[in-house]
Amino acid sequence: MKLWKSPAARAGASVAVATGLYGVSFGALGIASGLDFWQTQVLSLLLFSGGSQFAFIGVLAGGGSGGAALGSAALLGIRNAVYGMQLNALLQPTGWRRLAAAQVTIDESMATATAQRDPAEQRRAFWVTGIGIFVLWNLFTALGSLLGNAIGDPKAWGLDGAAVAAFLGLLWPRLKSREPVAIAVACAVVTVVVVPFVPPGIPVLIAAVVAAVWGLFGSGRSDEGLEPDVEPPHARAQDAGAPDPARDVGDADGPMHEGGMS
Amino acid sequence: MTTWLYILAAGVVAFLTKLIGYLVPARVLKNKRMTRVAGTLTIGLLASLTVLNTLANGQQLIFDSRIGSLVAALIALLLRAPFLVVVIVGAAAAALLRLAGLP
């Protein structure tokens, strides 16, 4: 099948455009947090995982240390290891392709690939989404940084409010049932309570401990919280009820990314 | 300079985290606890970062125009606005409230 005729590649391209565009907000917020153009850009090139990148600059903007920024970015990236395991089973990349696949393993490429049924389509969806987002995300990060540099006082433009909205927007797709809401509320409350007593940057890590303990001892769905920021169009519901190889890989008791377009 | 070190370290850690997924044996996949903690961590960290960016200023809790951003973003999300629109709405809310004289 030609790439541009593949429904999976088209789905990947649309997710890539939607996700890549908001790199502009990361670029502008990177500058507002005190980083320079290249520091912001290198985060998009190397760290390349939206949530982790926003966490890194969010901690810095709140007065946290570089170490605390690194810690929260690293913890937010742990889910990518889980995606990597699942994608490795689906795509089985070897050699340099494995390194490239690892770099573009993020919420969106994972979700778009596993939304497909046919293995060839899974492969197309993964690469088109991953590479598409990587390229666009970096271009729009650069654009956002230049804008951020140009506008002067970030507060007058409400950029600190943009950061609030960005984090809520990243959290939102993950709040689809009662349990994740409860986790979010608990972690939010813990954060507010500890802010006056510990150095900036540490409250996020304390909240992470609460969330991890909840995950270890609570009893919710095992894929809670693993949703993409921009939900991919699902593979057209072929015969419903047919076994889905993609979904049997990671998780025995429930499909990943259940649900249709929201 | 140290900022650069943390940025590069964050990049390396992020890449290695992803790569580990491709290198571990497939049977580790059966470990649902790992998947679940990765998910709850993501929710908890994002919730924490949301309230921190709304209320914290260093070690102080302050109430300013950012609360307006949180409310405006929430409304935009309830109306199913796309991510970028949500961010712009959040910025606009804080900018307008400051224009009106709020802190």
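Below, chains carry the letters A, B, ... as their sequence lines are ordered, and counting in each starts from 1.
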Taking atom [atom1] of [X] and atom [atom2] of [Y], what is their separation to the nearest 0.5 Å?
{"X": "F134(A)", "Y": "N138(A)", "atom1": "CZ", "atom2": "CG", "value": "4.5 Å"}
{"X": "L78(B)", "Y": "L74(B)", "atom1": "CG", "atom2": "CG", "value": "4.5 Å"}
{"X": "Q86(A)", "Y": "L91(A)", "atom1": "CD", "atom2": "CG", "value": "11.0 Å"}

When only pairs under 4.5 Å are counted, which of [options] shares the most heavy-atom pairs with chain B?
{"options": "G63(A), A163(A), A188(A), G77(A)", "result": "A188(A)"}
{"options": "L46(A), V164(A), N80(A)", "result": "V164(A)"}
{"options": "P200(A), A207(A), G66(A)", "result": "G66(A)"}
{"options": "L159(A), V192(A), L205(A), V210(A)", "result": "V192(A)"}
{"options": "A73(A), G64(A), S49(A), A212(A)", "result": "A212(A)"}
{"options": "L168(A), L45(A), L35(A), V190(A)", "result": "L168(A)"}

For [X], which atoms come within 4.5 Å of any heavy atom of chain B: side chain, backbone, both, or neither?
{"X": "P154(A)", "value": "neither"}
{"X": "F197(A)", "value": "backbone"}
{"X": "V213(A)", "value": "neither"}
{"X": "A101(A)", "value": "both"}
{"X": "A55(A)", "value": "both"}

*Take I133(A) and I106(A), measure what side-chain contact (heavy atoms from CB on, under 4.5 Å) needs, and give me the verdict at the end.*
CA-CA 10 Å; I133(A) 292 179; I106(A) 51 174; 3.9 Å; yes
_Note: D64(B)-R66(B) ion pair, threshold 4.0 Å (strictly below)_ =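 Salt bridge present between D64(B) and R66(B).
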*asked:* Strictly below 4.0 Å, N to O, side chains only: are R174(A) and E179(A) in salt-bridge contact?
replied: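 No salt bridge links R174(A) with E179(A).
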Heavy-atom distances under 4.5 Å only: say whether [X] touches chain A with side chain, backbone, both or neither.
{"X": "V13(B)", "answer": "side chain"}
{"X": "S65(B)", "answer": "neither"}
{"X": "T2(B)", "answer": "neither"}
{"X": "L55(B)", "answer": "side chain"}

Top of [options] for chain A proximity - count of heavy-atom pairs under 4.5 angstrom:
{"options": "L70(B), T3(B), L46(B), L23(B)", "result": "L46(B)"}
{"options": "S69(B), G39(B), A73(B)", "result": "G39(B)"}
{"options": "I67(B), L5(B), L19(B)", "result": "L19(B)"}
{"options": "V86(B), I20(B), L77(B)", "result": "L77(B)"}
{"options": "V37(B), T17(B), L49(B), L41(B)", "result": "L49(B)"}
{"options": "P82(B), A81(B), S48(B), A38(B)", "result": "S48(B)"}

*Ignoring hydrogens and geometry, is there a side-chain-to-backbone donor-acceptor pair from S52(A) to F48(A) under 3.5 Å?*
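No, the answer is negative, given that no donor and acceptor are paired below the 3.5 Å cut-off.
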*Given the rule in the side chain to side chain donor-acceptor pair (under 3.5 Å) test, do W137(A) and Q53(A) qualify, once you have shown the distances and angles that lead to the verdict?*
CA-CA 12 Å; W137(A) 178 258; Q53(A) 290 182 234; 3.0 Å; yes
_Close contacts, residues 93-103 of chain B versus chain A, judged by heavy atoms under 4.5 Å_ =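 Near chain A, by residue number: A94(B), A95(B), R98(B).
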How far apart are the closest heavy atoms of [X] and [Y], and which atoms are they?
{"X": "A10(B)", "Y": "L70(A)", "answer": "CA-CD1, 3.3 Å"}
{"X": "S72(A)", "Y": "L45(B)", "answer": "O-CD1, 4.2 Å"}
{"X": "L175(A)", "Y": "A184(A)", "answer": "CD2-CB, 4.0 Å"}

*Does the side chain of T105(A) come under 3.5 Å of the side chain of Y22(B) through a donor N or O and an acceptor N or O?*
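T105(A) vs Y22(B): donor-acceptor pair found between side chains.
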*Assert yes or no for the condition that the ring centre distance of F54(A) to F26(A) is strictly below 6.0 Å.*
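Yes: the rings meet the under 6.0 Å criterion.
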*How about W172(A) and F83(B): are their ring centroids closer than 6.0 Å?*
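They do not qualify: ring centres at least 6.0 Å apart.
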*For side-chain contact (heavy atoms from CB on, under 4.5 Å), just list the numbers for I43(B) and V181(A), CA-CA rounded to whole Å, side-chain angles, deciding distance to a tenth of an Å, and then say yes or no.*
CA-CA 9 Å; I43(B) 295 165; V181(A) 173; over 6 Å; no
_Does Q59(B) form a side-chain contact (heavy atoms from CB on, under 4.5 Å) with V198(A)? I'd like the steps, not just the answer._
CA-CA 7 Å; Q59(B) 275 182 265; V198(A) 296; 5.7 Å; no
